Structure formats: C-alpha cells, structure tokens
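All remarks here apply to the structure that follows.
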Amino acid sequence: MPDPRRARSRRLQLPEVKRKVIIMETIAKTNKHIMPTYGRFAHTIKQGKGATAFDESGKAYIDFGSGIGTNSLGYCDDEWVEAVCAQVQTLQHTSNLYYTSPASDFAEKLCEVTGYANAFLCNSGAEANECAIKLARKYSHDKYGKGRHTIITLTGSFHGRTLTTLSATGQSAMHDHFFPFVEGFEYVEANDYGGIEAKLSGDDVCAVMLEYIQGEGGVVELNKDFVDAVFDVCAKKDILVIADEVQTGAGRTGKFLAGEWYGHKADITTMAKGLFGGLPGGACLANDKCANVLTAGTHGSTVGGNPVVMAGGKAVLDKVSDAAFLSQVIKKGDYIRARLDKLNKVTDISGKGLMLGITLNGDAVAADVAKAALERGVLVLTAKEKVRLLPPLNISDNDLDKGLQVLEEILS
Ligand SMILES: *Cc1c(COP(=O)(O)O)cnc(C)c1O
C-alpha cells in the first residue's frame, strides 16, 4: 500500500495545472459513465486518515461530513482496518444458507448494546426501512387480518430512495416522479400530535414511523411531549413504533441510540450509515413482540450480514458503545456549539452530540458556506436551508479546532 504521506508530498510538488488535469480526468469519466443523480462538488477524494481527506492532487481537507455520517470512526481507523482486512482474507462472503461467526458476533453485540431481541441484516438504510415496513405490515396482518396496513410518517422525514421508502418519506418534493407510488402511507406534520390522533380514528393503522431528529429534513428534533404521546397511544392500540435511526444511531447524538434522549425504545429500530464505519450495511432491530414475525422465506438479502461488513461493524460497536466514548461525543458537540453559536452569521444550532444543524441569518446561504469551506479545506454538509455537521465521532481536538477556525472565518 502506498504511504499516504509520501504520495501526498509527491503530489504537492506537481504544478497547479497538472493537479487540475488529474482531477478533471476523474470528473470527466464519472460524468460520462455514472448516472447524474448527484449534484457533486468538482473535487475528488482519494484517501484519508482520521478526520483528514486528501484529494487526487494531495490537497488536505478536514472532514466535518464523514461521508454523510458514515465514516463514524473517520478514515481508515486502525482497528477497523485491521478487522476488515483480517476478515476479507478469511471469508468474504457465503450465503445466508449457512451460519457465520462475524454475523453472529456482530448481532450479539448489537442486541446487547441496544436491548433488542434480534436483527435483520441488510446493505443500506433504505433496505433496513423496507424490512421494518414489511415487518410492521406482517405483524398486523398475522394478528388482525387484511386492511390494517397504513403507516403514518412525518412531514420532512427521509426514509430512503427505494419506491416504498420514498413513498414513506414525508417530503412532497420527492413525490413528483415515479408514479404510481406505494399505497398505505399517511403523512402528519412533525410534532403535531392532533394530526396523529385524527389519523387513528379508523382501524387501518399498523405503525408510526419517525426519526427522533430528522437529518435530511434539516436536523429537526422532535419534541419530547410529541414523542411521549405517540408512544403512549401506539402502546394502547397495539400500533408499532418504528424509529428510523439510520442517521442518528451508532453514537452520532452522544447516545448509542437517539431514542435514549427521549427515554423510549421503539418496537422496531433501523440503523445503517455510521454503524459499519464506511462499509455498506444496514440492520432492522426488533423487540420481543416483533422478533419472530419475518419467518423463513418472507424476507432476505443475498449479501446481507456479509462477513467483511460485519467485521467492520463489530469494530465500530466495540468503540462506539463505550460510555466514555459517547460522553466525548457530547462534549465535542457542546464545544462546537460554544464556538459557533456566537458568530454573527449563525442564528441557531439544532441537533445533539455530533449531529448539528446551523441556521444562518438572512443573507447567508448554506450551499455557499459549504462551497467556501471546501475551498478553504473543510468539508461540511447542508440539510434544507442549514449547514449540517456530522464529523467523525472520534475527531481529535486539534482537527476540530482546525475545521472550526475556517468556519469561524466564513461565518463571522
Ligand atoms: C440516509 C438515510 C436513509 C437511507 O439510507 P441509505 O443507506 O442511503 O439507503 C434512511 N433514513 C435516514 C434517516 C437517513 O438519514
């Protein structure tokens, strides 16, 4: 493997024109051969270590986005790399017709940390949600028969890009193409308990699906009273609560699950993004009531529970489930808030732990801030009209300071 520092110094000696040519080649090839479903920055990422990414010309960036919260331990964390490499050299895949210890070890640890009974293992957040939706509908169908299949979701939510999870997503802007959408989803304004109650007047609802903190929707926290009331009414009516913790889970908010901030444990919780440290994976967790609903033949995934992904996930779990690790996530989040809150272009900071949404004052535009930060060597995300930060959970104080200094310059 090339030594990243040597590659970097070599590249840094390249004249500017040559550096641009290298990068343009990747961009041109991508634009030619990969479907244009993303509005990308005209920058490449070649390699990384910790919270620092390097582009193909050797330029360094402090990454406050973690590949959208997925590189939870930053780039190429030592223990994570070791676990993944050891596994890929032993067994990269077999089918789910057999048992493997990477999957059983991962699932055992995940259940131990979360208190859930069991998990379905898949490859993405959308798939974890797809599983949750199938599970909720089958739970109700097994028990109450046909017709009780509606799932209530919240406006501003994001649940994935498959046709079903897109149908579940409560953003009308995402319901413009791809007709017909999947039936059986009803949308209620986030934090509007009256709206939920109104939808429950019939007998057709089997589940309510929510993100405790809406990520793509703009780092919007649900009110505790609203969440309390939803859990209360659902328990009374045997309606399942599905918590989509694809973005909030695995320590992102300073608790292993964001539900802990609210004192609630949903019947079903979905996870993905940060749980596998940058490998594609997902998990749909079920409590005792829901653990044996999906039986042999009712659901599956060829590469779900893949040994390499599971080894990476176990390395993440071993670090992130530690109480001291989680409390430093909260501390770092508080530190970022303290530094940014007082800047004159910042009017509000939402979120918890290292999932933060920065509301800008009148004339500042989030996309412009992201672009300016990138030019100065800091990667940030946006969510709706906010600047969104999802730095690696183990980011060093030094890297945090470097990134914050740039944001301070831009936001003052
Ligand atoms: C990212 C995200 C998803 C979709 O995950 P994919 O891995 O992209 O399929 C679903 N729900 C939430 C809350 C997310 O943030």
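Ligands are counted one by one from 1 in listed order, and the atoms in each one are counted from 1 as well. Because the structure is a prediction, the values reported are computed rather than measured.
Regarding atom 7 (O) of ligand 1, its nearest protein heavy-atom neighbour is Gly125 N, 2.8 Å. Protein heavy atom closest to atom 9 (O) of ligand 1, with residue, atom name and distance, is Ala126 N, 2.8 Å. Of all protein heavy atoms, the one closest to atom 11 (N) of ligand 1 is Asp244 OD2, 2.8 Å. The protein non-hydrogen atom at the shortest distance from atom 14 (C) of ligand 1 is Lys273 NZ, 3.0 Å.
Listed by number with element, the atoms of ligand 1 under 4.0 angstrom from any heavy atom of Asn129 are 10 (C), 11 (N). Residue-ligand proximity, Ser124 to ligand 1, at heavy-atom distances under 4.0 Å covers atoms 7 (O), 9 (O). Under a 4.0 Å criterion applied to the non-hydrogen atoms of Gln247, ligand 1 contributes the atoms 15 (O). For ligand 1, the atoms sitting less than 4.0 Å from at least one non-hydrogen atom of Glu211 are 13 (C), numbered in the order shown with element in parentheses.
Under 3.5 Å, the side chains of Ser396 and Asn398 contain no donor-acceptor pair of N or O atoms.
Under 4.0 angstrom from ligand 1, the non-hydrogen atoms of His159 all belong to its backbone. With a 4.0 Å heavy-atom cut-off, ligand 1 is reached by no atom of Thr270.
A distance-only check finds a donor-acceptor pair linking the side chain of Gln328 to the backbone of Leu393 [under 3.5 Å]. With hydrogens and angles ignored, the 3.5 Å screen pairs a side-chain donor or acceptor of Asn394 with a backbone N or O of Leu73.
In terms of polar-atom proximity, defined here as any N/O pair under 3.5 Å, Phe158 does make such a contact with ligand 1.
With Tyr187 as the aromatic partner, Lys199 does not meet the cation-pi criteria of under 6.0 angstrom to the ring centre and within 45 degrees of the ring axis.
Atom CD1 in Ile152 sits 7.5 Å away from atom CD in Glu186 (nearest 0.5 Å). Atom OG1 of residue Thr26 and atom NE2 of residue His43 lie 13.0 Å apart, to the nearest 0.5 angstrom.
The residues Asp238 and Lys289 are annotated as salt-bridged, a charged nitrogen and a carboxylate oxygen being separated by less than 4.0 angstrom. Ionic pairing of Lys236 and Asp232 is present here: one or more N-O contacts between side-chain nitrogen and carboxylate oxygen are shorter than 4.0 angstrom.
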